There are 2 protein chains.
Amino acid sequence: MPKFLDSLPMILSRSLDRVMPSYRRLFQANDLTDQQWRVLRALWEKQHLTSAQISQITLLPPPSLVGILDRLEKKNLIGRLRSTEDRRHVHIIPTQKGRALMEHMMPMVDRIHDDFMQRVTAAEWAEFNRILEKLSEPTEKRNLA
Amino acid sequence: MPKFLDSLPMILSRSLDRVMPSYRRLFQANDLTDQQWRVLRALWEKQHLTSAQISQITLLPPPSLVGILDRLEKKNLIGRLRSTEDRRHVHIIPTQKGRALMEHMMPMVDRIHDDFMQRVTAAEWAEFNRILEKLSEPTEKRNLA
DNA sequence: TGTGAATCATTCATATATTAACTAATTAGA
DNA sequence: TCTAATTAGTTAATATATGAATGATTCACA
(Lines give C-alpha, C1' and ligand atoms only; values in the text may rest on other atoms or scores of the structure.)
Protein backbone atom coordinates (compact mmCIF):
# COMPACT_ATOMS: atom_id res chain seq x y z
CA MET A 1 0.00 0.00 0.00
CA PRO A 2 2.24 2.83 -1.19
CA LYS A 3 1.29 6.00 0.56
CA PHE A 4 1.24 9.21 -1.42
CA LEU A 5 3.81 10.94 0.73
CA ASP A 6 6.25 8.03 0.32
CA SER A 7 6.14 8.04 -3.47
CA LEU A 8 9.36 8.84 -5.27
CA PRO A 9 8.20 12.18 -6.70
CA MET A 10 6.93 13.42 -3.34
CA ILE A 11 10.04 12.32 -1.47
CA LEU A 12 12.30 14.07 -3.94
CA SER A 13 10.13 17.19 -4.01
CA ARG A 14 10.01 17.42 -0.24
CA SER A 15 13.77 17.11 0.02
CA LEU A 16 14.26 19.81 -2.57
CA ASP A 17 11.86 22.07 -0.70
CA ARG A 18 13.93 21.56 2.43
CA VAL A 19 17.32 21.98 0.83
CA MET A 20 16.75 24.98 -1.40
CA PRO A 21 16.06 27.66 1.25
CA SER A 22 19.67 27.46 2.48
CA TYR A 23 20.86 28.30 -0.99
CA ARG A 24 18.07 30.69 -1.83
CA ARG A 25 18.94 33.05 0.99
CA LEU A 26 22.34 33.53 -0.62
CA PHE A 27 20.91 33.90 -4.11
CA GLN A 28 18.42 36.52 -3.01
CA ALA A 29 21.09 38.46 -1.16
CA ASN A 30 22.77 38.75 -4.54
CA ASP A 31 19.62 39.49 -6.48
CA LEU A 32 19.56 36.17 -8.32
CA THR A 33 16.94 33.46 -8.77
CA ASP A 34 17.82 29.78 -8.41
CA GLN A 35 17.86 29.35 -12.16
CA GLN A 36 19.90 32.46 -12.84
CA TRP A 37 22.55 31.17 -10.46
CA ARG A 38 22.52 27.78 -12.19
CA VAL A 39 23.50 29.43 -15.45
CA LEU A 40 26.33 31.39 -13.84
CA ARG A 41 27.46 28.25 -12.01
CA ALA A 42 27.65 26.37 -15.29
CA LEU A 43 29.78 29.17 -16.74
CA TRP A 44 32.12 28.86 -13.76
CA GLU A 45 33.48 25.56 -14.98
CA LYS A 46 33.69 26.58 -18.62
CA GLN A 47 33.44 30.21 -19.63
CA HIS A 48 32.34 29.48 -23.15
CA LEU A 49 29.13 27.55 -23.66
CA THR A 50 26.32 27.56 -26.18
CA SER A 51 22.73 27.96 -25.14
CA ALA A 52 22.06 24.27 -25.79
CA GLN A 53 25.00 23.21 -23.65
CA ILE A 54 23.82 25.37 -20.78
CA SER A 55 20.38 23.85 -21.08
CA GLN A 56 21.85 20.35 -20.83
CA ILE A 57 24.08 21.14 -17.87
CA THR A 58 21.57 23.15 -15.87
CA LEU A 59 18.51 21.04 -16.75
CA LEU A 60 16.73 24.25 -17.68
CA PRO A 61 14.35 23.75 -20.62
CA PRO A 62 15.29 25.83 -23.67
CA PRO A 63 12.15 27.98 -23.64
CA SER A 64 12.82 28.92 -20.01
CA LEU A 65 16.46 29.54 -20.72
CA VAL A 66 15.64 32.27 -23.22
CA GLY A 67 14.05 34.47 -20.56
CA ILE A 68 16.68 33.61 -17.96
CA LEU A 69 19.45 34.64 -20.34
CA ASP A 70 17.51 37.79 -21.23
CA ARG A 71 17.42 38.83 -17.59
CA LEU A 72 21.07 37.94 -16.96
CA GLU A 73 21.99 39.95 -20.03
CA LYS A 74 19.90 42.89 -18.85
CA LYS A 75 21.78 42.80 -15.54
CA ASN A 76 25.01 42.84 -17.54
CA LEU A 77 26.16 39.50 -16.07
CA ILE A 78 26.47 37.62 -19.37
CA GLY A 79 26.74 38.37 -23.06
CA ARG A 80 25.34 36.60 -26.13
CA LEU A 81 27.52 36.09 -29.15
CA ARG A 82 26.26 34.44 -32.31
CA SER A 83 28.70 31.95 -33.76
CA THR A 84 30.29 32.73 -37.10
CA GLU A 85 31.00 29.12 -38.08
CA ASP A 86 27.48 27.85 -37.42
CA ARG A 87 25.15 30.78 -37.24
CA ARG A 88 22.53 28.73 -35.40
CA HIS A 89 24.65 28.61 -32.24
CA VAL A 90 24.74 31.37 -29.68
CA HIS A 91 27.71 31.50 -27.35
CA ILE A 92 27.12 32.64 -23.78
CA ILE A 93 30.00 34.37 -22.05
CA PRO A 94 30.10 35.92 -18.58
CA THR A 95 30.91 39.60 -18.41
CA GLN A 96 33.50 41.08 -16.08
CA LYS A 97 30.68 41.85 -13.67
CA GLY A 98 29.38 38.31 -14.03
CA ARG A 99 32.75 36.78 -13.26
CA ALA A 100 33.16 39.03 -10.24
CA LEU A 101 29.79 37.94 -8.89
CA MET A 102 30.64 34.28 -9.44
CA GLU A 103 33.93 34.65 -7.59
CA HIS A 104 32.15 36.42 -4.78
CA MET A 105 29.48 33.75 -4.42
CA MET A 106 31.28 30.48 -5.14
CA PRO A 107 32.96 30.14 -1.73
CA MET A 108 29.64 30.63 0.05
CA VAL A 109 27.87 28.18 -2.24
CA ASP A 110 30.59 25.61 -1.59
CA ARG A 111 30.23 26.28 2.12
CA ILE A 112 26.53 25.48 2.02
CA HIS A 113 27.24 22.29 0.11
CA ASP A 114 29.87 21.27 2.64
CA ASP A 115 27.42 21.84 5.46
CA PHE A 116 25.02 19.39 3.87
CA MET A 117 27.79 16.88 3.24
CA GLN A 118 28.75 16.95 6.89
CA ARG A 119 25.39 15.45 7.70
CA VAL A 120 26.38 12.07 6.26
CA THR A 121 29.52 9.97 5.91
CA ALA A 122 31.32 9.62 2.61
CA ALA A 123 30.11 6.03 2.44
CA GLU A 124 26.52 7.09 3.00
CA TRP A 125 26.80 9.75 0.32
CA ALA A 126 28.17 7.21 -2.15
CA GLU A 127 25.49 4.70 -1.27
CA PHE A 128 22.82 7.35 -1.59
CA ASN A 129 23.98 8.27 -5.06
CA ARG A 130 24.21 4.65 -6.11
CA ILE A 131 20.64 3.85 -5.06
CA LEU A 132 19.23 7.07 -6.47
CA GLU A 133 20.89 6.29 -9.77
CA LYS A 134 19.23 2.89 -9.82
CA LEU A 135 15.90 4.45 -8.99
CA SER A 136 15.99 7.16 -11.61
CA GLU A 137 18.16 5.66 -14.31
CA PRO A 138 16.66 6.44 -17.72
CA THR A 139 14.62 3.60 -19.15
CA GLU A 140 16.55 3.48 -22.41
CA LYS A 141 19.80 2.91 -20.56
CA ARG A 142 18.17 0.19 -18.47
CA ASN A 143 17.02 -1.72 -21.52
CA LEU A 144 20.58 -2.00 -22.75
CA ALA A 145 21.74 -3.77 -19.61
CA MET B 1 36.04 20.23 -5.03
CA PRO B 2 32.28 19.74 -5.27
CA LYS B 3 31.20 19.70 -8.87
CA PHE B 4 28.03 21.51 -9.83
CA LEU B 5 26.33 18.43 -11.21
CA ASP B 6 26.99 16.51 -7.99
CA SER B 7 25.42 19.09 -5.71
CA LEU B 8 22.37 18.05 -3.77
CA PRO B 9 19.92 20.33 -5.63
CA MET B 10 21.12 19.20 -9.04
CA ILE B 11 21.08 15.52 -8.11
CA LEU B 12 17.54 15.75 -6.82
CA SER B 13 16.39 17.85 -9.78
CA ARG B 14 17.88 15.47 -12.29
CA SER B 15 16.22 12.48 -10.64
CA LEU B 16 12.88 14.23 -10.64
CA ASP B 17 13.29 15.08 -14.31
CA ARG B 18 13.90 11.40 -15.02
CA VAL B 19 11.11 10.03 -12.86
CA MET B 20 8.27 12.37 -13.75
CA PRO B 21 7.79 11.50 -17.44
CA SER B 22 6.55 8.02 -16.53
CA TYR B 23 3.82 9.57 -14.45
CA ARG B 24 3.19 12.52 -16.72
CA ARG B 25 2.20 10.33 -19.65
CA LEU B 26 -0.63 8.98 -17.53
CA PHE B 27 -1.65 12.39 -16.24
CA GLN B 28 -1.77 13.87 -19.73
CA ALA B 29 -3.81 10.95 -21.00
CA ASN B 30 -6.37 11.99 -18.39
CA ASP B 31 -6.05 15.72 -19.07
CA LEU B 32 -4.38 16.51 -15.74
CA THR B 33 -1.20 18.34 -14.81
CA ASP B 34 1.18 16.94 -12.20
CA GLN B 35 -0.11 19.35 -9.60
CA GLN B 36 -3.76 18.75 -10.37
CA TRP B 37 -3.21 15.04 -9.83
CA ARG B 38 -1.44 15.73 -6.54
CA VAL B 39 -4.56 17.42 -5.23
CA LEU B 40 -6.80 14.56 -6.29
CA ARG B 41 -4.33 12.06 -4.85
CA ALA B 42 -4.45 13.85 -1.50
CA LEU B 43 -8.24 13.65 -1.56
CA TRP B 44 -7.98 9.91 -2.16
CA GLU B 45 -6.81 9.25 1.36
CA LYS B 46 -9.21 11.69 2.99
CA GLN B 47 -12.16 13.06 1.09
CA HIS B 48 -12.54 16.10 3.26
CA LEU B 49 -9.63 18.52 3.48
CA THR B 50 -9.21 22.26 3.80
CA SER B 51 -7.16 24.23 1.34
CA ALA B 52 -4.38 24.62 3.91
CA GLN B 53 -4.25 20.89 4.57
CA ILE B 54 -3.99 20.16 0.87
CA SER B 55 -1.18 22.66 0.58
CA GLN B 56 0.71 20.91 3.39
CA ILE B 57 0.19 17.43 2.01
CA THR B 58 0.90 18.21 -1.63
CA LEU B 59 3.70 20.73 -0.98
CA LEU B 60 1.89 23.11 -3.31
CA PRO B 61 2.29 26.74 -2.22
CA PRO B 62 -1.03 28.41 -1.36
CA PRO B 63 -0.91 30.99 -4.16
CA SER B 64 -0.44 28.20 -6.69
CA LEU B 65 -3.12 26.10 -5.09
CA VAL B 66 -5.76 28.74 -5.72
CA GLY B 67 -5.39 28.46 -9.47
CA ILE B 68 -5.06 24.68 -9.38
CA LEU B 69 -8.30 24.39 -7.43
CA ASP B 70 -9.95 26.86 -9.80
CA ARG B 71 -9.13 24.65 -12.77
CA LEU B 72 -10.15 21.43 -11.00
CA GLU B 73 -13.41 23.08 -10.07
CA LYS B 74 -13.96 24.24 -13.63
CA LYS B 75 -13.48 20.65 -14.78
CA ASN B 76 -16.08 19.63 -12.22
CA LEU B 77 -13.62 17.33 -10.41
CA ILE B 78 -13.80 19.03 -7.00
CA GLY B 79 -16.05 21.41 -5.11
CA ARG B 80 -15.29 24.22 -2.69
CA LEU B 81 -17.34 24.60 0.46
CA ARG B 82 -16.75 27.39 2.93
CA SER B 83 -16.84 26.19 6.52
CA THR B 84 -19.68 27.33 8.74
CA GLU B 85 -17.81 26.92 12.02
CA ASP B 86 -14.73 28.84 10.95
CA ARG B 87 -15.54 30.94 7.93
CA ARG B 88 -11.86 31.29 7.08
CA HIS B 89 -11.58 27.65 6.07
CA VAL B 90 -12.61 26.28 2.68
CA HIS B 91 -13.32 22.58 2.46
CA ILE B 92 -12.36 20.79 -0.72
CA ILE B 93 -14.43 17.79 -1.70
CA PRO B 94 -14.14 15.59 -4.80
CA THR B 95 -17.21 15.42 -7.01
CA GLN B 96 -18.68 12.19 -8.29
CA LYS B 97 -16.74 12.74 -11.49
CA GLY B 98 -13.60 13.44 -9.48
CA ARG B 99 -13.95 10.23 -7.47
CA ALA B 100 -14.52 8.23 -10.65
CA LEU B 101 -11.36 9.66 -12.20
CA MET B 102 -9.37 8.87 -9.06
CA GLU B 103 -10.57 5.29 -9.03
CA HIS B 104 -9.73 4.97 -12.68
CA MET B 105 -6.20 6.30 -12.28
CA MET B 106 -5.06 5.00 -8.89
CA PRO B 107 -4.25 1.45 -10.03
CA MET B 108 -2.11 2.76 -12.86
CA VAL B 109 -0.34 5.24 -10.61
CA ASP B 110 0.38 2.44 -8.15
CA ARG B 111 1.67 0.35 -10.99
CA ILE B 112 4.17 3.02 -11.99
CA HIS B 113 5.29 3.30 -8.38
CA ASP B 114 5.73 -0.46 -8.13
CA ASP B 115 7.82 -0.46 -11.28
CA PHE B 116 10.21 2.02 -9.70
CA MET B 117 10.31 0.04 -6.48
CA GLN B 118 11.31 -3.08 -8.35
CA ARG B 119 14.54 -1.38 -9.30
CA VAL B 120 15.88 -1.63 -5.73
CA THR B 121 15.61 -4.00 -2.80
CA ALA B 122 13.51 -3.18 0.24
CA ALA B 123 16.71 -2.70 2.21
CA GLU B 124 18.07 -0.28 -0.36
CA TRP B 125 14.83 1.68 -0.37
CA ALA B 126 14.91 1.95 3.41
CA GLU B 127 18.55 2.96 3.40
CA PHE B 128 17.89 5.51 0.70
CA ASN B 129 15.12 7.10 2.71
CA ARG B 130 17.21 7.11 5.86
CA ILE B 131 20.12 8.93 4.24
CA LEU B 132 17.91 11.36 2.35
CA GLU B 133 16.21 12.22 5.60
CA LYS B 134 19.56 12.98 7.20
CA LEU B 135 20.53 15.08 4.22
CA SER B 136 17.40 17.16 4.06
CA GLU B 137 16.17 17.15 7.64
CA PRO B 138 14.94 20.63 8.60
CA THR B 139 17.48 22.67 10.49
CA GLU B 140 15.15 23.37 13.38
CA LYS B 141 14.66 19.66 14.02
CA ARG B 142 18.40 19.11 13.85
CA ASN B 143 19.11 21.69 16.50
CA LEU B 144 16.95 19.80 18.98
CA ALA B 145 19.05 16.66 18.70
C1' DT C 1 -14.39 43.10 26.43
C1' DG C 2 -11.98 45.27 23.41
C1' DT C 3 -7.78 45.12 20.65
C1' DG C 4 -3.60 43.58 18.63
C1' DA C 5 -1.73 39.16 16.95
C1' DA C 6 -2.46 35.21 14.28
C1' DT C 7 -4.79 32.51 10.61
C1' DC C 8 -6.82 31.25 6.02
C1' DA C 9 -7.69 32.05 1.54
C1' DT C 10 -6.78 35.02 -1.86
C1' DT C 11 -4.64 38.60 -5.13
C1' DC C 12 -0.68 40.74 -7.33
C1' DA C 13 3.79 41.00 -9.81
C1' DT C 14 7.41 38.64 -11.57
C1' DA C 15 9.93 34.40 -12.94
C1' DT C 16 9.91 29.76 -14.59
C1' DA C 17 7.90 25.09 -16.61
C1' DT C 18 5.57 22.71 -20.27
C1' DT C 19 4.16 21.69 -24.87
C1' DA C 20 3.60 23.00 -29.51
C1' DA C 21 4.93 25.58 -33.26
C1' DC C 22 8.01 28.49 -35.95
C1' DT C 23 12.27 30.55 -38.21
C1' DA C 24 16.76 30.46 -39.86
C1' DA C 25 20.61 27.72 -40.77
C1' DT C 26 22.74 23.37 -41.72
C1' DT C 27 23.10 18.62 -43.14
C1' DA C 28 21.93 14.25 -45.44
C1' DG C 29 20.74 11.81 -49.50
C1' DA C 30 18.47 10.76 -53.79
C1' DT D 1 22.39 19.87 -56.79
C1' DC D 2 18.22 20.12 -54.94
C1' DT D 3 15.03 18.97 -51.57
C1' DA D 4 13.71 16.62 -47.16
C1' DA D 5 15.07 16.05 -42.67
C1' DT D 6 17.66 18.10 -38.58
C1' DT D 7 19.22 21.38 -35.47
C1' DA D 8 19.55 25.80 -32.46
C1' DG D 9 17.28 29.27 -30.76
C1' DT D 10 13.14 31.42 -30.19
C1' DT D 11 7.98 32.67 -29.67
C1' DA D 12 3.32 31.62 -28.00
C1' DA D 13 -0.20 29.87 -24.76
C1' DT D 14 -1.17 28.03 -20.56
C1' DA D 15 0.04 26.47 -15.83
C1' DT D 16 2.80 26.85 -11.74
C1' DA D 17 6.44 28.96 -8.27
C1' DT D 18 7.90 32.67 -5.35
C1' DG D 19 7.49 36.52 -2.24
C1' DA D 20 4.79 40.33 -0.72
C1' DA D 21 0.51 42.11 0.50
C1' DT D 22 -4.64 42.16 1.43
C1' DG D 23 -9.32 41.16 3.49
C1' DA D 24 -12.02 38.64 6.33
C1' DT D 25 -12.04 35.97 10.49
C1' DT D 26 -10.79 34.23 14.71
C1' DC D 27 -7.85 34.03 18.78
C1' DA D 28 -5.11 35.48 22.79
C1' DC D 29 -5.23 37.96 26.71
C1' DA D 30 -4.48 42.22 29.20
Side-chain angles (χ1 to χ4, degrees), chain A residues 9 13-14 16-40 49-75 77-92, chain B residues 9 13-14 16-21 23-29 31-40 49-75 77-92:
Chain A
S13 297
R14 187 167 49 249
L16 259 180
D17 282 359
R18 289 175 174 177
V19 167
M20 287 316 295
S22 302
Y23 287 94
R24 198 165 290 149
R25 273 191 292 276
L26 173 60
F27 299 157
Q28 289 178 336
N30 290 275
D31 192 32
L32 290 178
T33 65
D34 303 359
Q35 294 85 346
Q36 287 167 14
W37 167 253
R38 274 202 218 176
V39 171
L40 291 184
L49 294 169
T50 67
S51 205
Q53 289 174 317
I54 292 182
S55 176
Q56 291 238 329
I57 295 171
T58 60
L59 308 178
L60 297 171
S64 302
L65 192 53
V66 173
I68 295 166
L69 292 176
D70 284 347
R71 287 177 278 277
L72 285 173
E73 199 174 16
K74 190 172 298 179
K75 292 191 221 176
L77 295 173
I78 61 140
R80 270 190 251 227
L81 195 58
R82 191 160 287 272
S83 169
T84 50
E85 308 99 37
D86 188 335
R87 296 170 48 71
R88 288 172 303 183
H89 293 79
V90 171
H91 297 288
I92 309 299
Chain B
S13 298
R14 187 168 49 247
L16 260 179
D17 281 1
R18 288 174 175 178
V19 167
M20 287 317 295
Y23 287 94
R24 197 165 292 152
R25 273 192 292 274
L26 174 59
F27 300 157
Q28 289 178 336
D31 193 32
L32 291 178
T33 65
D34 303 358
Q35 294 84 349
Q36 288 167 13
W37 167 253
R38 273 202 220 175
V39 170
L40 291 184
L49 294 169
T50 67
S51 205
Q53 290 174 316
I54 292 182
S55 176
Q56 292 239 325
I57 295 171
T58 60
L59 307 178
L60 298 172
S64 302
L65 191 54
V66 173
I68 294 166
L69 292 176
D70 284 347
R71 287 177 278 277
L72 285 173
E73 199 174 16
K74 190 172 299 179
K75 292 190 221 176
L77 295 173
I78 62 141
R80 270 190 251 225
L81 195 58
R82 189 159 289 272
S83 168
T84 50
E85 309 100 37
D86 187 335
R87 298 169 46 72
R88 289 171 302 183
H89 293 79
V90 172
H91 298 287
I92 309 298

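Note that this is a predicted model, so its numbers are computed, not measured. Reckoned from all heavy atoms, side chains included, excluding hydrogens, waters and symmetry mates. So that the names make sense, note that chain A is the first sequence line, chain B the second, and so on, each numbered from 1.
For the pair A:Leu60 CG and D:dA17 P, the interatomic distance rounds to 16 Å; values are reported in whole Å. Rounded to a whole Å, the NE2 atom of B:His89 is 9 Å from the P atom of D:dC27. Remark: P of D:dT18 and CG of B:Leu59 are 11 Å apart, rounded to the nearest angstrom. A straight line from CZ of A:Arg80 to C1' of D:dA8 spans 13 Å, rounded to a whole angstrom. Atom CG of B:Leu32 is separated from atom C1' of D:dT16 by 15 Å (rounded to the nearest Å). Rounding to whole angstrom units, CZ of residue B:Arg88 and P of D:dT25 are separated by 11 Å. A straight line from CE of A:Met20 to P of D:dT16 spans 21 Å, rounded to a whole angstrom.
The minimum heavy-atom distance between A:Arg87 and A:Arg82, with the atom names listed, is O-NH1, 2.6 Å. Across every non-hydrogen atom of A:Thr58 and A:Arg38, the tightest pair is O-NH1, 2.5 Å.
You'll find the side chain of A:Ser51 reaches within 4.5 Å of the side chain of A:Leu65, heavy atoms only. Under the 4.5 Å side-chain criterion, counting only non-hydrogen atoms from C-beta, A:Arg18 is not in contact with A:Pro21. Put simply, the side chain of B:His91 does not reach to within 4.5 Å of the side chain of B:Arg80, judged on heavy atoms. A:Gln35 is not listed as a side-chain neighbour of A:Ser64, based on a closest heavy-atom distance of 4.5 Å or more. Counting only heavy atoms from C-beta outward, the side chains of A:Val90 and A:Thr50 never approach each other to under 4.5 Å. The shortest distance between side-chain heavy atoms of B:Leu32 and B:Leu72 falls below 4.5 Å.
A heavy atom lying under 4.0 Å from DNA chain D marks the following residues of residues 63-73 of chain B, by number: B:Pro63, B:Ser64, B:Ile68, B:Arg71.
The residue among A:His91 and A:Arg24 whose nearest nucleotide of DNA chain D lies closer to the 5′ end is A:His91. Sequence order on DNA chain C of the closest nucleotides to A:Asp86 and A:Gln35 puts A:Gln35 first from the 5' end.
Residue contacts for A:Glu85: at a heavy-atom cut-off of 4.0 Å it reaches the sugar-phosphate backbone alone, with no base atom in range.
Chain A approaches DNA chain C over the interval C:dA15 to C:dT26, counting the first and last nucleotide 5' to 3' with an atom under 4.0 Å from its heavy atoms.
Atom CG in B:Leu59 sits 13.0 Å away from atom CD1 in B:Ile54 (nearest 0.5 Å).
A close approach under 4.0 Å does occur between a side-chain nitrogen or oxygen of B:Gln36 and OP1 or OP2 of D:dT16.
Judged by atom type and distance alone, B:Arg87 does not reach the base of D:dT25 through any side-chain donor-acceptor pair under 3.5 Å.
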